[in-house]
Amino acid sequence: MELRKELHKHNYNYYVLNAPVISDQEFDRLLRELSDLESLHPELADPNSPTQRVGSDLNQEFETVLHERPMLSLSNTYNKGEVAEFYERVREGLAGEDFEISCELKFDGLSISLHYENGALVRAVTRGDGIQGDDVTANVRTIRSIPLQLAPGTGWPQVFEIRGEILMPWASFEALNRERELREEPLFANPRNAASGTLKSKQTAVVAQRKLDAYLYYLLGDEIPSDGHYENLQAARSWGFQVSQHMQKVRTLDEINAYIDYWDTERKNLPVATDGIVLKVNSLRQQRALGMTAKSPRWAIAYKFQAEQQSTILREVTFQVGRTGAVTPVANMEPVQLSGTIVRRATLHNADFMAGLNLHLGDHVLVEKGGEIIPKIVAVDEAFITPDRGPRVEFIKRCPECGTELVRFPGEAAWYCPNESGCPPQIKGRIEHFVSRRAMNIDTLGPETIDDLYARGLIHNIADLYDLSVDQLSGFNDSRIRSARKTIKAIDDSRQVPFDRVLFALGIRFVGETVAKILTQRFHDIDSLSRASLDDLLAVNTIGQAIAESVIRWFADMDNIFLLERLRSHGLQFSLSDERLAAQSDRLAGKTIVISGVFTHHSRDEYKALIEQHGGHNTGSISAKTSFILAGDNMGPAKLEKAQKLGIAIISEDEFLQMISAE
Ligand code: IVH
């Protein structure tokens with residue numbers, strides 16, 4: 001279709017060449033036109049149409065796929081001496097033959113393998129363990145700089161693989177973290193984590209929003225155009241791929257060192273994160289001659305840049321109290337410019353880490369920002385220590401928020417404020433956790449409203465939420481009535497939230513979503529759980545000492561018992577529903593089950609719930625411990641092969657339903 005071709009071309013102009021020839025509005029208009037045409041003619045559907053970039057939600061776990069050729073990693077070095085040794089080894093290995101080195105930026109994202117057949121993207125697989133990875137094709141299709149269909153007549157081979165790096169550009173990363181900060185969601189530490197979290201998202205629409213980018217740096221296949229790696233990539237650029245403009249072919253060690261020095265500073269001006277440079281012998285024939293070691297090719301090496309360090313002055317150490325009562329020390333420093341941002345604060349993690357640095361107020365400290373956005377203090381700059389050094393920084397003994405004496409649990413690094421029911425950040429943190437989406441889902445109550453309600457003395461604990469009125473919430477402010485009504489409705493609705501989520505919402509230490517599910521399956525209601533002994537708890541599969549002790553401690557606290565009684569009187573669910581109870585059995589007890597393929601009778605999530613209900617355990621990957629595979633249609637070939645190799649039974653949907661049925 002002409003329109004598709006035109007849109008592919010505009011995508012390429014915009015995202016790869018950075019030179020759009022039409023306006024965004026015009027592009028959107030063409031895209032809408034295509035989308036309308038496609039809905040009129042479903043027979044012309046094509047997964048690689050430009051309209052498919054914002055796909056539907058994936059409802060399957062990613063399929064594991066074997067790489068056709070293993071995805072190796074590179075050996076790393078941080079010093080130029082080892083680069084010189086690499087150069088020498090190559091020279092010796094090639095017995096005096098001339099050779100060229102391709103110098104490239106080392107992009108700091110996650111590697112991806114893209115497969116093209118007849119010019120169309122057919123599969124995108126993450127590196128995984130290098131032997132097999134996740135099939136993330138649906139998500140990769142949303143990345144605009146990855147061509148879905150190559151322009152005809154540019155000379156691409158029928159079948160080839162191209163590898164590269166998926167990245168989140170700094171600008172998108174910063175915008176994403178700003179948004180997350182507003183919503184009080186945890187921030188991504190660096191663009192690599194953000195890109196990786198995004199690519200593994202089950203919601204393709206989320207991936208599409210997050211603006212990932214990709215640079216390709218390795219072409220493979222039986223019919224690739226040239227013996228030169230550099231030349232192959234230039235060809236790939238002409239087919240529509242985004243290939244870095246900063247590659248350079250050189251011959252001498254001096255040229256290599258000049259490339260390293262230039263990019264060590266210049267990389268700060270790039271739109272994406274880089275963490276070093278990669279040197280590759282350019283000729284594929286020479287690459288084959290040099291071969292591999294067990295882990296990495298002998299024809300390439302990565303030189304990693306040193307993390308940037310700066311010296312600044314330590315002014316003050318403050319202490320933060322989190323939801324669980326853990327106290328974190330934070331260094332406040334004279335602002336200093338470091339890797340493009342101004343740094344004022346650095347986490348000191350915990351008392352031991354802080355003591356290890358032997359900090360004194362007024363010390364000159366060395367701060368470093370590696371791949372993380374949170375900078376760290378690596379040492380005191382000894383050159384500046386004077387006899388009149390300021391006082392040593394000591395960890396506090398009492399909670400900075402409520403004055404309670406801090407405690408430390410055996411085997412843990414953190415000091416805790418034990419005043420769970422009276423310490424403001426702990427109270428507010430627990431309420432925030434209780435209302436969160438995966439718990440009671442009262443998501444109209446944001447942290448600011450909770451702060452406000454707490455400050456006005458209206459809520460001290462989670463049970464108080466159920467006594468709130470619309471007037472109290474709105475503060476008699478007309479403009480807030482609508483949202484106050486919505487919140488009251490969400491609070492009301494939360495009375496129907498099932499027991500396992502209520503248990504999770506209580507915020508008992510170490511009782512996350514999965515543990516809550518396991519506990520409710522085993523104990524059925526809150527009373528039997530509260531009566532369980534340490535041994536009863538330890539007898540439950542996957543419940544260890546720390547979880548068991550934490551549960552016992554929670555129920556031993558009378559404040560919690562009163563809280564439970566109040567919540568119960570408000571009508572919250574404290575037992576498994578009759579339906580769930582009736583459906584429960586131990587027919588799958590002790591069985592570890594992998595789900596794979598597409599199902600007809602129930603959804604995947606329903607099958608997962610059924611496995612749990614019948615005492616089985618669902619895992620994602622096949623191993624010798626797998627009891628059987630519950631397989632629908634189109635089970636992935638890699639999974640099938642692995643199952644056959646390990647001699648693991650494959651059970652159909654019908655057989656499985658038979659297995660768990662009452663007869
Ligand atoms: S080539 C066998 N080139 O660095 C050679 N890798 O351990 C395969 N990377 O996993 C890799 N930029 O994710 C190559 N220009 C570049 C690269 C690059 C980043 C990543 C890649 C790989 C890791 C090396």
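Counting convention: from 1, in listed order, for ligands and their atoms alike.
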For D227 against R285, the heavy-atom pair lying closest together
OD1-N, 2.9 Å
Locate the shortest heavy-atom distance separating L94 from A289; write the atom from each residue and the value.
CD2-CB, 4.5 Å
Which atoms of ligand 1 have any heavy atom of [X] under 4.0 Å away?
{"X": "E104", "result": "3 (N), 15 (N), 16 (C)"}
{"X": "P297", "result": "2 (C)"}
{"X": "S73", "result": "7 (O)"}

With rounding to the nearest 0.5 Å, note down the distance linking CZ in F107 to CG in L216.
10.0 Å
Closest to atom 12 (N) of ligand 1 among protein heavy atoms sits F107 N, 3.0 Å
Distance from atom 10 (O) of ligand 1 to nearest protein heavy atom, with residue and atom:
S111 OG, 3.6 Å
Please work out which of L72, L105, L74 has its closest non-hydrogen atom nearest to atom 7 (O) of ligand 1.
L74
Counting only heavy atoms, tell me which of E165, K106, M71, K304 gets closest to atom 23 (C) of ligand 1.
K106
Look only at interatomic distance and state if [X] has a nitrogen or oxygen under 3.5 Å from any nitrogen or oxygen of ligand 1.
{"X": "Y217", "result": "yes"}
{"X": "L110", "result": "no"}
{"X": "Y218", "result": "no"}

Quick one: do E6 and K9 make a salt bridge, cutoff under 4.0 Å?
no
Could you tell me whether K80 and D261 make a salt bridge, using a distance below 4.0 angstrom between a side-chain N and a carboxylate O?
yes
Mark yes when over 12 heavy atoms from residues, nucleotides or ligands other than R437 sit less than 6.0 Å from its CZ; otherwise mark no.
no
Mind checking whether K280 has a heavy atom under 4.0 Å from ligand 1?
yes
For R345 and P375, indicate whether the former's side chain and the latter's backbone hold a donor-acceptor pair under 3.5 Å.
no
Between W263 and Y303, is the ring centroid distance below 6.0 Å?
no
